[in-house]
Structures are given as C-alpha cells and as structure tokens.
Amino acid sequence: MTNMISILLAACLSACSNNSETVVDDMTEPYPTGKPTSGKAVVFTTTSDGAYSLYEEIADVVSGQSLSPLTIQLDPSQTQQSIDGFGYGITYSSCYNLLKMTPEDRNDLLTRTFSTTSGYGVSYCRISIGCNDFSSTEYSLCDVEGLEHFALFNDEVNYVIPILKEILAINPDLKIIGSPWTPPKWMKVDNLTNMRPYDSWTDGHLSPLHYDTYAEYFVKFIQAFQGEGIRIHAVTPQNEPLNHANCASCYMPWAEEAQLVKSMARAFKRAGLQTQIYVFDHNYNYDNVGDQDDYPVKIYNTLGEDYEGSELVAGAAYHDYGGTSDELIDIYTKAPQKALIFSESSIGTWNDGRNLATRLMADMKNVALGTVNRMCKAVIVWNFMLDTNMGPNLDGGCQTCFGAIDIDPSNYRTYTRNSHYYIIAHMSVAAATGAVRLGTSRNIASQNIISACFLNPDGTYGAVILNTGDEDKTINVGDGSSYVRVNVPAGGVSSVKWNK
C-alpha cells in the first residue's frame with residue numbers, strides 16, 4: 001500500500017466500489033482468506049474516506065522479535081473467550097431483496113461474504129421465530145390456538161429458508177440464532193394480575209399458564225428447521241423483553257423470563273436438542289427500568305444450576321440502543337461461568353448510517369472491538385440487506401433503518417456496503433469460528449490504536465487493528481518470534497491473518 005501502484009489501484013477499486021456495481025471486485029483472486037501460505041500474511045484494509053474498501057494485499061512474516069515501539073505482541077498464554085462468529089440478521093426483507101437479484105449476482109455476493117476460502121468467512125446469522133419488524137406481516141408460527149396448528153409461514157418457507165440453504169451450501173458451519181418478537185397472541189395476557197387475554201401483537205405478557213406450551217413451540221420451531229436441514233445453534237426467549245412497543249413485542253421482566261427459561265431448558269433436554277439458550281437479548285441499560293438491572297444475573301441466581309437442561313442456558317445477549325458496553329464487563333464479573341454475545345445493532349437515518357466517514361470508526365470501535373474485547377464470543381448486526389428505500393418493512397417497526405447492504409430496487413443489481421457490512425467482514429477475516437481471543441504482552445500505548453488478537457483453530461494468528469487517529473501508522477503485530485508489518489491508514493481498519 002505504500003507504493004504508488006498500490007495506491008492508484010486501491011483508489012480505482014474504491015471508486016468502482018463506491019459506484020456500487022456488484023460486478024466489480026475490490027478483492028483480488030484467489031481470495032486467500034483461508035489459511036495463508038507459510039511465512040505469508042493476508043491483510044484487508046478499509047478506510048472511512050472510501051479510499052480502501054476491504055482492499056487486499058499479501059505481506060511477509062518477518063522472523064525475530066519486533067523492536068518497533070508500534071508493536072502489538074500476542075501472548076498465547078493469555079487466553080480469553082472462544083469465538084463463535086460474526087454475522088448479520090437474515091430477515092424476510094433481506095431475503096426478499098436477495099431473491100430479486102439474479103442467481104449469479106446473489107451467489108457472488110453470498111460467496112464473497114460467507115465463504116471461508118473464497119470470501120470473508122462470515123459465520124453467524126440471526127433469524128426471527130415468527131415475525132419481526134422486517135417481515136411481510138405480523139404472524140406467529142401458531143396463530144390458531146393449539147400447537148397441533150404449528151406451521152412455518154410463507155416468510156420462512158419461501159424466503160428465509162431458501163436463502164439460509166444457499167448460505168449453508170457456501171459455509172456449512174454457519175451458526176444460526178433465533179429470537180421471537182412475540183408469542184402467539186392466544187398465549188398473551190394483559191398482565192399477570194388479572195390474566196385477561198391480550199389480543200395484540202404489541203406488548204402484553206406471556207401467560208404463566210403457557211410457559212410449558214411456549215417451550216414446546218420453540219422445540220417445534222427447532223425441529224421444523226432441522227427437517228429442512230438447518231440446525232439452530234441457539235435461541236433467545238424474547239427479543240427486547242423490556243420493549244413495550246415495536247410492531248410485534250412482548251413485555252417479559254426477568255422474573256417471568258426465568259420461569260420460561262426453566263421450561264425451555266427442560267423441553268429441549270427431553271427432546272434431545274442441543275440448542276443453546278441466551279437470556280435477555282436487549283439493551284445495556286435495561287431500558288432504564290430500575291428493578292431490571294442485571295437482568296441475566298437475576299435469572300441465573302434464581303434458577304441456580306440444579307434444574308433439568310441447565311447446561312443449555314449458555315449466557316446472555318445484548319443490544320446497544322441504550323447504555324454502554326461497559327455493562328458487559330459488569331455482567332461477566334458477576335457471572336464468569338456464562339457466555340456473552342452481542343446480538344443486535346442498527347444503522348439508520350438517526351446515526352448517519354450511510355456515511356462511512358461517520359460510522360466506520362464508531363461502529364468498529366463500539367459494536368465490534370468494544371464487545372469482543374469485553375468478552376463477547378459473537379457479534380451480530382441487524383438486516384443484512386435492505387433496499388435503498390429502507391424496505392420492505394412493516395408499519396410500527398423501524399422505518400428509518402438501513403441495511404449492512406442497501407440495494408437499488410430499480411435493478412436489484414447495484415448496491416452499497418455500509419459500515420455494518422465492513423465491521424463484520426473485518427472481524428470474520430481475522431477470527432474463524434473456534435478461535436480464541438489472546439491477550440498481549442506488549443501493546444501500543446495510544447488511544448488512537450485499538451486491536452483484538454486471535455489464535456485460530458488452524459494455527460494461524462489473526463488481528464484486527466483500528467486507527468482512529470489522523471496519521472497513518474505502520475504496526476508490527478506478532479508473537480515475539482515473528483511479526484507482520486501492517487500499514488493501517490488514518491481513519492482505517494486492517495485485518496490480518498498470518499501463518500508462521
């Protein structure tokens with residue numbers, strides 16, 4: 001990147017990328033994102049000014065210890081959390097837009113995104129159990145009372161499942177987490193005092209009389225996807241349980257969710273399922289509902305460990321629409337035996353979401369590195385793809401959201417990749433599923449450089465390095481016996497994977 005040819009090439013490729021033509025690649029063949037050749041490293045760089053857009057180059061691994069003060073030295077003896085993966089929400093809207101593309105263009109995009117050998121290796125997806133605010137309509141998977149009426153809906157059968165199958169053909173190890181926005185309406189009550197039936201998609205409570213029934217609903221969902229050849233790795237009991245609004249929602253304070261979780265764990269165990277359960281799935285600040293602080297810990301403490309299926313309750317999931325990621329450290333400190341994942345963040349009109357100059361640094365710092373460096377083993381953002389009109393979506397849901405990719409509905413061929421696409425791709429390049437985050441014995445004493453380092457299952461090292469400053473930096477990253485020189489532009493992020 002320091003020579004003029006590389007700079008001109010990157011500028012040309014970036015210009016093509018900014019014009020959003022899907023047929024233009026800014027990633028050179030043969031996409032060496034698998035295990036690099038011995039003694040070589042692969043580096044991908046994106047800058048907030050658009051000069052580099054996942055620009056790829058090959059670097060040498062230098063023998064010996066780096067003497068530069070700008071050194072990040074990995075310490076393999078300091079192991080932190082394992083990594084499950086990084087990914088996007090695969091909603092009806094995302095799938096609707098993807099299926100409007102030609103099969104060739106769609107396969108190119110999905111391969112570029114999800115392949116571990118011919119792409120960035122994105123490895124996680126989040127889907128809804130029933131409707132969400134980017135569905136075709138409000139629905140559950142059992143709108144008529146009685147689980148004998150359970151059935152997958154058009155959104156799953158004709159949109160989500162076909163796209164998931166295409167992704168799984170590219171990356172068979174993809175992990176999938178499912179979250180419901182609402183139970184079936186016939187399971188809901190106005191409150192737990194009068195137990196009056198609540199015939200609305202929005203708000204209400206799950207009736208305690210249906211905890212076991214709803215747990216079986218989850219079992220049927222998991223089994224229905226298994227019947228399609230799709231394994232559900234994890235679920236959450238309720239998306240945003242402290243949210244009274246949204247076009248589909250259910251209010252579920254921690255004491256209520258605890259009882260549902262107990263029923264779910266028992267039902268999963270008896271059905272022979274290995275699907276994990278992540279509790280909470282909402283904001284860092286618990287929507288400022290005072291008695292809901294430390295929501296996951298209160299569930300853990302209430303249930304203990306002596307209940308059927310307790311081993312399936314893996315941890316807690318968080319969103320970032322309120323509070324800060326410091327809450328992750330607080331929860332980890334109080335329950336270190338439980339895992340943490342980050343399950344949703346959005347970009348939109350409210351945060352200048354299509355402006356890479358505004359969003360890339362902030363989202364890389366807070367959504368990606370800020371969660372992984374606070375013990376999250378997965379990071380998932382919201383819609384993988386919307387159209388440039390922010391749709392299709394539902395009334396009452398988000399009318400101002402952008403996708404990680406926004407596609408032009410006039411041709412379903414040209415698209416723009418926003419910050420959320422880049423941050424997930426950059427993390428995926430460096431850390432494969434099963435990677436372990438490593439501590440460092442030397443790190444750069446600069447608030448402008450933020451990094452995360454990993455040891456991958458294939459023995460390669462990976463690192464993501466963010467430069468929020470206004471000067472280009474050459475960073476040496478290695479393990480004390482060898483290192484790679486990584487040129488990280490001002491306002492840029494570089495992901496590197498190397499094989500000693």
Side-chain angles (χ1 to χ4, degrees), residues 1-7 10 32-48 51-52 54-81 83 121 361 364-365 368-370 372-373 423 425-432 435-500:
M1 277 192 270
T2 57
N3 62 69
M4 184 57 68
I5 293 175
S6 294
I7 291 172
T33 51
K35 189 171 184 177
T37 304
S38 179
K40 296 293 182 179
V42 59
V43 183
F44 292 88
T45 298
T46 301
T47 52
S48 54
Y52 296 94
L54 284 163
Y55 175 73
E56 177 195 353
E57 61 180 343
I58 303 300
D60 291 324
V61 178
V62 181
S63 296
Q65 184 170 12
S66 168
L67 302 178
S68 168
L70 297 181
T71 295
I72 300 169
Q73 186 164 308
L74 288 61
D75 184 350
S77 70
Q78 296 184 38
T79 56
Q80 305 295 332
Q81 79 274 24
I83 299 298
M361 293 295 96
M364 199 72 231
K365 177 181 177 181
L369 294 172
V372 167
N373 284 337
I423 68 172
H426 270 283
M427 298 303 296
S428 299
V429 163
V436 176
R437 184 168 69 90
L438 299 178
T440 57
S441 57
R442 288 175 63 193
N443 213 325
I444 300 164
S446 169
Q447 61 183 346
N448 294 330
I449 301 295
I450 305 169
S451 64
C453 303
F454 308 93
L455 174 62
N456 286 297
D458 64 1
T460 58
Y461 289 127
V464 181
I465 307 169
L466 180 68
N467 179 4
T468 63
D470 55 9
E471 295 182 357
D472 297 353
K473 299 288 185 183
T474 297
I475 310 297
N476 290 349
V477 56
D479 64 357
S481 63
S482 63
Y483 62 92
V484 181
R485 293 188 182 95
V486 183
N487 301 310
V488 189
V493 56
S494 293
S495 294
V496 54
K497 180 187 285 187
W498 71 99
N499 184 12
K500 295 188 297 181

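For the pair I83 and F454, the minimum side-chain heavy-atom distance is below 4.5 Å. A heavy-atom distance below 4.5 Å is found between the side chains of T46 and H426. Using a 4.5 Å cut-off on side-chain heavy atoms (C-beta onward), L466 and S451 make no contact. Taking 4.5 Å as the limit, some side-chain heavy atom of I465 sits within range of a side-chain heavy atom of I449. I444 has its side chain within reach of I475: a pair of non-hydrogen atoms, C-beta onward, lies under 4.5 Å apart. In this structure, L438 and Q80 have side chains that are not in contact, with every pair of non-hydrogen atoms separated by 4.5 Å or more. Between L70 and T474 the shortest side-chain heavy-atom distance does not fall below 4.5 Å. Taking the side chain as every heavy atom from C-beta outward, V464 and M427 approach each other to under 4.5 Å.
Shown here for A452 and N373, the closest heavy-atom pair between the two residues is CB-OD1, 3.5 Å. The shortest heavy-atom contact between P76 and L74 is CD-O, 3.6 Å. Across A432 and P457, no two heavy atoms sit closer than the pair CB-CD, 4.4 Å. Nearest heavy-atom pair across I72 and T440 is CG2-CG2, 3.8 Å. The two atoms that bring A59 and V43 nearest to each other are CB-CG2, 4.3 Å, heavy atoms only. Taking both residues in full, the closest heavy atoms of K497 and N456 are given as CE-ND2, 3.9 Å, listed atom of the first, atom of the second, then distance.
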Stepwise side-chain contact (heavy atoms from CB on, under 4.5 Å) check, L369 with V372: CA-CA 5 Å; L369 294 172; V372 167; 5.6 Å; no

Starting from the C-alpha separation in whole Å, work towards a yes-or-no answer on side-chain contact (heavy atoms from CB on, under 4.5 Å) for V42 and I58. CA-CA 5 Å; V42 59; I58 303 300; 4.1 Å; yes

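From N448, atom CG reaches atom CG of D470 across 7.5 Å, with rounding to the nearest 0.5 Å. Distance check: Q65 CD to R442 CZ gives 6.0 Å after rounding to the nearest 0.5 Å. A distance of 8.0 Å separates OG1 of T47 from CE of M361, quoted to the nearest 0.5 Å. Between I450 atom CD1 and M364 atom CE the span is 9.5 Å, to the nearest 0.5 Å. Put simply, CD1 on I423 and OG on S495 are 11.0 Å apart, with the number rounded to the nearest 0.5 Å.
Listed for the T45 side chain is no donor-acceptor partner under 3.5 Å among the backbone atoms of S494. Of the possible donor and acceptor atoms, one in the side chain of N499 sits under 3.5 Å from a partner among the backbone N and O of P36.
In this structure S482 satisfies the side-chain contact (heavy atoms from CB on, under 4.5 Å) test together with V61, D479, K500, sequence neighbours excluded. Applying the salt bridge (charged side-chain N to carboxylate O under 4.0 Å, His left out) rule to D472 yields no partners; only residues at least two apart in sequence or on another chain are considered.
Applying the ring-ring contact (aromatic ring centres under 6.0 Å, His included) test to pairs two or more places apart or on separate chains, those with a residue in residues 472-500 are Y461-W498.
A side-chain N or O of S66 and one of N476 form a donor-acceptor pair less than 3.5 Å apart.
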